[in-house]
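Following: one structure in structure tokens, then a few remarks.
Reminder, nothing fancy here: chain letters follow the sequence lines and each chain counts from 1. As the structure is a computational prediction, the values presented were derived from the model and not from experiment.
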Amino acid sequence: AQSVTQLDSHVSVSEGTPVLLRCNYSSSYSPSLFWYVQHPNKGLQLLLKYTSAATLVKGINGFEAEFKKSETSFHLTKPSAHMSDAAEYFCVVSDLNTGFQKLVFGTGTRLLVSP
Amino acid sequence: DAGVIQSPRHEVTEMGQEVTLRCKPISGHNSLFWYRQTMMRGLELLIYFNNNVPIDDSGMPEDRFSAKMPNASFSTLKIQPSEPRDSAVYFCASSPKGVLRVEQYFGPGTRLTVT
């Protein structure tokens, strides 16, 4: 079965410093991978997706992620954190073994941004 | 586009009462998903509809839960009778037609509290 592991439950950064949220995946085939963000008391918003095209994927709000097959990783980065980036981030892999586009969510990483 | 619409946004009810959550997917999307989010279990897929037909309901916790999709623009998730352990945020998501490996778009969620 497909799965993702988010390596950090919490990440704290200062405003203006780089952000790195780590995600490793397990998949028996070429996966589709996503990053979603959830602000407090809000729904989940798609940040970016990888679907076997370019390995470096650019998303909204200055975020990007790089698909590294050799490392089975799909880490999320941003050069400079903003206070509004404080939220919960979910790494997600698609599981096609079920016959449909089932999303398998990681446990989430809470990003804290301090002034 | 209005996005996925869910109602109500908040619901407080007493144990034993019937609860009905509503969802309007994005127009033109043919897949609809109901999720439940709790601190303990994270995001869980409850049921998946494709072209208004339930395809996978293996995530529905028990017979107290039921879901319907009478047409392409409306779905309901019903809990009868409700119990305190059903307290959670319930999300509806939709995804467009076409090839697999497409993302899902989430609604803002319904926060259910059962006392």
For chain A, which residues from [range] lie under 4.5 Å away (heavy-atom distances)?
{"range": "residues 107-115 of chain B", "result": "Gly107(B), Pro108(B), Arg111(B)"}
{"range": "residues 32-40 of chain B", "result": "Phe33(B), Tyr35(B), Gln37(B)"}
{"range": "residues 73-84 of chain B", "result": "none"}

Q: For residues Asn41(A) and Val89(B), determine if any side-chain heavy atom of one lies less than 4.5 Å from a side-chain heavy atom of the other.
A: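 No - every pair of side-chain heavy atoms lies 4.5 Å or more apart.
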Q) Under a 4.5 Å cut-off applied to non-hydrogen side-chain atoms, are Glu103(B) and Tyr36(A) in contact? A)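 Result yes, sub-4.5 Å side-chain heavy-atom pair found.
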With the 4.5 Å side-chain cut-off for hydrophobic clustering, are [X] and [Y] part of the same group?
{"X": "Val37(A)", "Y": "Phe91(B)", "answer": "no"}
{"X": "Val19(A)", "Y": "Leu33(A)", "answer": "yes"}
{"X": "Met15(B)", "Y": "Phe65(B)", "answer": "yes"}
{"X": "Met69(B)", "Y": "Ile47(B)", "answer": "yes"}
{"X": "Leu47(A)", "Y": "Tyr25(A)", "answer": "yes"}

Q | Greater than 12 external heavy atoms within 6.0 Å of Glu14(B)'s CD | A |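 Counting neighbours around CD of Glu14(B), 12 or fewer heavy atoms of other residues, nucleotides or ligands fall under 6.0 Å, so no.
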Q.
Is it true that, when you exclude Asp63(B) itself, more than 12 heavy atoms of the residues, nucleotides or ligands shown sit nearer than 6.0 Å to its CG?
A.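 Not buried by this count: 12 neighbours or fewer within 6.0 Å.
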Q) With sequence neighbours excluded, what pairs up with Thr13(B) under the side chain to side chain donor-acceptor pair (under 3.5 Å) test? A)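 Expected list: none.
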Q) Contact part of Gln38(A) toward chain B, heavy-atom cut-off under 4.5 Å: side chain, backbone, both or neither? A)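 Side chain only.
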(Q) Apply side-chain contact (heavy atoms from CB on, under 4.5 Å) to residues Leu43(B) and Leu103(A) and explain how you reach the verdict. (A) CA-CA 10 Å; Leu43(B) 268 159; Leu103(A) 298 185; over 6 Å; no
